[in-house]
Amino acid sequence: MDIFVGSIPFKFKEKDLEALFTPFGEVVSVKIIIDKATRQNKGFGFVEMKERKDGLSAIQALNGSDQLGRAIVVSEAKKDKEGEPAFKKPRQWNKGKKKNNVITWG
DNA sequence: TCTGAGCGC
């Protein structure tokens with residue numbers, strides 16, 4: 001499932017989100033939205049977890065929790081519906097080269 | 001290299 005994470009500190013990185021969600025289940029991918037022009041952290045991101053139940057428990061546990069002094073918002077991503085693909089086109093993380101705002105895993 | 005509701009290139 002895809003999880004929306006908002007109000008995260010601007011200093012947050014993908015690794016930080018991965019470290020937050022990993023204890024609740026297997027994290028498939030992590031992404032933090034960064035402005036394409038200025039490369040600035042937009043303050044929200046997404047975490048994809050393998051098991052939906054783990055994602056839900058992670059949401060309940062991490063939503064509103066303090067991270068680096070800020071209460072983050074954790075909720076299920078809008079486009080992620082049960083039985084439907086989260087997006088029209090598949091996103092691949094371990095393909096091609098690494099970009100500025102994307103960390104390739106593995 | 002600022003910012004603070006919002007949903008991803």
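In the text below, chain A, chain B and the rest are named by the order of the sequence lines, each starting its count at 1. The figures here come from the full heavy-atom set of this structure, side chains too, leaving out hydrogens, waters and symmetry mates.
Atoms CD (Q40(A)) and P (dG6(B)) sit 20 Å apart, rounded to a whole Å. Distance N41(A) CG to dA5(B) C1': 14 Å, rounded to the nearest Å. Here dC7(B) presents its P atom at 11 Å from NZ of K42(A), a figure rounded to the nearest Å. Distance I8(A) CD1 to dC7(B) P: 15 Å, rounded to the nearest Å. The distance between atom CZ of F12(A) and atom C1' of dT3(B), rounded to the nearest whole Å, is 17 Å. Atom C1' of nucleotide dC9(B) and atom CZ of F46(A) are separated by 12 Å, given to the nearest angstrom. Summarising the geometry, the separation between CG on D35(A) and P on dG8(B) is reported as 13 Å, rounded to the nearest angstrom. Rounded to an integer number of Å, the gap from CZ of F10(A) to C1' of dG6(B) is 11 Å.
For the pair K11(A) and G6(A), nearest-nucleotide mapping onto DNA chain B gives the more 5' position to K11(A). Taking for each of V47(A) and G43(A) the nucleotide of DNA chain B with the nearest heavy atom, the 5'-most of the two is the partner of G43(A).
Among the heavy atoms of the strands, none lies under 4.0 Å from I72(A).
Remark: ring of F44(A) does not overlap the six-membered base ring of dC7(B) in a stacked fashion, as centroids less than 5.5 Å apart with planes less than 30° apart are not both met.
Ion pairing between E18(A) and K13(A) fails under the 4.0 Å rule for side-chain N and carboxylate O.
Comparing dG4(B), dC2(B), dG8(B) by their nearest atom to the side chain of D2(A) picks out dG8(B).
Note: D2(A) CG to S75(A) OG = 11.5 Å, rounded to the nearest 0.5 Å. With rounding to the nearest 0.5 Å, the separation of CG in L56(A) from CG in N63(A) is 12.0 Å.
Annotation: side chain of I32(A) is not in contact with side chain of F44(A) (no heavy-atom distance under 4.5 Å).
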